[in-house]
Amino acid sequence: MINRKSIIAVLLLLTAVITFFLLPGDEKKIRSNLSSLADYCSTPQQEPMLEALKKASLTAKLCAIPCRVSIDSLDLDRDLSQKEISNHLLMMKKQMVATRFTFHDITVQITGRQAAISTTLRLKGNTMNGRFTDAYEFDIRAVKTDGKWLFSSFHVVEFMER
Amino acid sequence: MRPLPLRKFFLPSLTRAFLLRVLLLSISCLLIFNYLLIPLRIQGQSMEPTYRDNSFAFCWRLQYLFSKPARSDVVTLRYAGRKVMLLKRIIALAGDTVAFRKGILFVNGQRTPEPYVRYTSNWDLSERTIKPGHVYVVGDNRNTIMSRHRFGQIPVNRIIGGVIP
């Protein structure tokens with residue numbers, strides 16, 4: 001009897017664990033999108049042009065139309081279309097050879113069909129001037145459209161003021 | 001006291017006391033290295049030669065529990081969390097004025113020696129006053145173009161702790 005009870009308990013626990021890990025919740029979907037975004041933005045040592053174009057297009061598809069991008073240090077604060085996002089990414093990929101993008105310290109707050117994400121983007125790689133590492137804090141917004149979470153704005157948090 | 005046989009040391013019997021010791025040690029390590037003494041792997045050259053690229057240090061979170069950040073302190077600054085941090089040196093405090101003239105630091109109008117700086121620079125930065133609740137931080141490596149170096153005043157609440165060693 002005890003054995004049967006233990007087996008049921010273990011099975012229930014396993015079901016709960018499997019459900020937790022396999023069923024994609026909203027937060028999981030957003031985190032997965034961030035991970036995809038990092039992969040698409042990363043550039044291996046010798047990336048074929050076709051691969052870069054594909055990644056740029058996939059990146060744009062992760063973003064809502066339009067998508068607000070604000071980076072004070074670049075004097076950029078406007079809505080970008082998917083085409084513009086693709087073009088910016090392709091330009092960036094050309095300048096940053098062998099660069100890896102990774103997101104760390106991700107916190108997601110979901111309110112209805114909107115989400116606020118706070119994260120640190122870490123860049124590691126090479127430019128034409130040599131090896132570099134850098135990091136930026138991002139405030140990202142996402143909206144749920146037709147069951148898909150799309151990034152609607154990216155804002156670089158500039159906490160250092162000269 | 002007889003020395004512990006090697007076999008017993010490496011393959012101890014799994015008694016309740018032993019398991020409890022392992023559990024307590026694991027919890028202590030988790031707490032210490034997650035919240036008090038955070039291991040840092042330094043990446044980048046902005047603090048050279050004090051901290052070299054790929055070197056190792058610890059962030060001591062209790063450094064400013066009973067004291068305030070002071071000039072010359074090396075501090076860790078947070079971004080969105082504690083996984084990726086920025087390592088910089090405080091050169092001026094709230095209310096101070098700071099300027100660079102041909103690479104030489106001037107705090108409150110006085111030429112300030114920086115023994116930790118090895119590489120000379122020709123940085124020029126006009127005088128500015130540090131806002132209340134802020135400190136001014138710079139990296140030790142001035143061997144880069146000023147526009148490429150990340151430095152400036154930051155809110156004190158961005159400071160996570162000091163650095164050991």
Side-chain angles (χ1 to χ4, degrees), chain A residues 27 30-31 33-35 37-38 41-42 70-75 95-96 98-110 115-142 151 153-162, chain B residues 38 40-48 51-54 75-88 90-92 94 98-100 123-131 133-139 141 143-160:
Chain A
E27 186 171 334
I30 292 168
R31 282 174 183 268
N33 281 3
L34 267 181
S35 167
L37 182 70
C41 292
S42 300
S70 52
I71 306 169
D72 293 348
S73 59
L74 298 179
D75 257 340
Q95 287 169 346
M96 297 164 120
T99 305
R100 181 100 197 114
F101 282 60
T102 44
F103 287 106
H104 301 266
D105 294 314
I106 303 167
T107 48
V108 182
Q109 279 187 311
I110 299 170
I117 305 145
S118 171
T119 184
T120 305
L121 168 68
R122 197 170 131 224
L123 303 173
K124 197 178 171 193
N126 298 301
T127 57
M128 289 159 202
N129 303 308
R131 207 157 58 88
F132 80 101
T133 48
D134 215 340
Y136 297 92
E137 184 177 332
F138 268 88
D139 268 345
I140 304 172
R141 297 279 182 270
F151 299 118
S153 83
F154 293 88
H155 170 68
V156 175
V157 180
E158 312 261 12
F159 60 87
M160 207 175 265
E161 185 194 324
R162 280 196 181 169
Chain B
I38 305 168
L40 304 171
R41 192 174 150 222
I42 292 147
Q43 296 193 313
Q45 286 113 27
S46 85
M47 280 301 284
E48 283 192 358
Y51 293 99
R52 295 202 174 271
D53 189 19
N54 279 324
V75 290
T76 49
L77 313 170
R78 72 168 174 82
Y79 285 98
R82 294 197 311 248
K83 278 251 169 71
V84 181
M85 294 190 272
L86 199 58
L87 203 65
K88 294 284 172 193
I90 297 174
I91 56 160
V98 66
F100 281 103
W123 287 12
D124 272 312
L125 186 80
S126 58
E127 191 172 85
R128 58 215 53 217
T129 307
I130 320 304
K131 290 189 272 188
H134 286 61
V135 289
Y136 207 88
V137 295
V138 191
N141 185 359
N143 195 21
T144 49
I145 307 164
M146 201 176 84
S147 60
R148 288 243 183 92
H149 195 98
R150 291 179 87 179
F151 66 97
Q153 52 183 310
I154 51 122
V156 174
N157 62 16
R158 284 267 170 187
I159 298 174
I160 294 277

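These numbers were taken from a predicted model, which means no experiment stands behind them.
Looking at Arg82(B), the atoms closer than 4.5 Å to chain A (heavy atoms on both sides) all sit in the backbone: N, CA, C or O. Interface remark: Ser118(A) contributes backbone and side-chain atoms alike to the contact with chain B (heavy atom separation under 4.5 Å). Heavy-atom distances place both the backbone and the side chain of Thr120(A) under 4.5 Å from chain B. Neither the backbone nor the side chain of Val98(B) comes within contact range of chain A, judged by heavy atoms closer than 4.5 Å.
A heavy-atom distance below 4.5 Å is found between the side chains of Arg128(B) and Arg162(A). For the pair Lys124(A) and Gln43(B), the minimum side-chain heavy-atom distance is below 4.5 Å. Using a 4.5 Å cut-off on side-chain heavy atoms (C-beta onward), Lys131(B) and Glu161(A) make contact.
For the atom pair CE (Met85(B)) and CG (Asp105(A)), the distance works out to 9.0 Å, reported to the nearest 0.5 Å. In this structure, the separation between CD1 on Ile154(B) and CD on Glu158(A) is 14.5 Å, given to the nearest 0.5 Å.
Taking the centre and axis of the six-membered ring of Tyr136(A), the NZ or CZ atom of Arg150(B) falls inside the cone set by 45° and 6.0 Å.
Interface summary for chain B: among Thr133(A), Ile106(A), Asp139(A), the most heavy-atom pairs under 4.5 angstrom belong to Thr133(A).
Less than 6.0 angstrom separates the ring centroid of Tyr79(B) from the ring centroid of Phe159(A).
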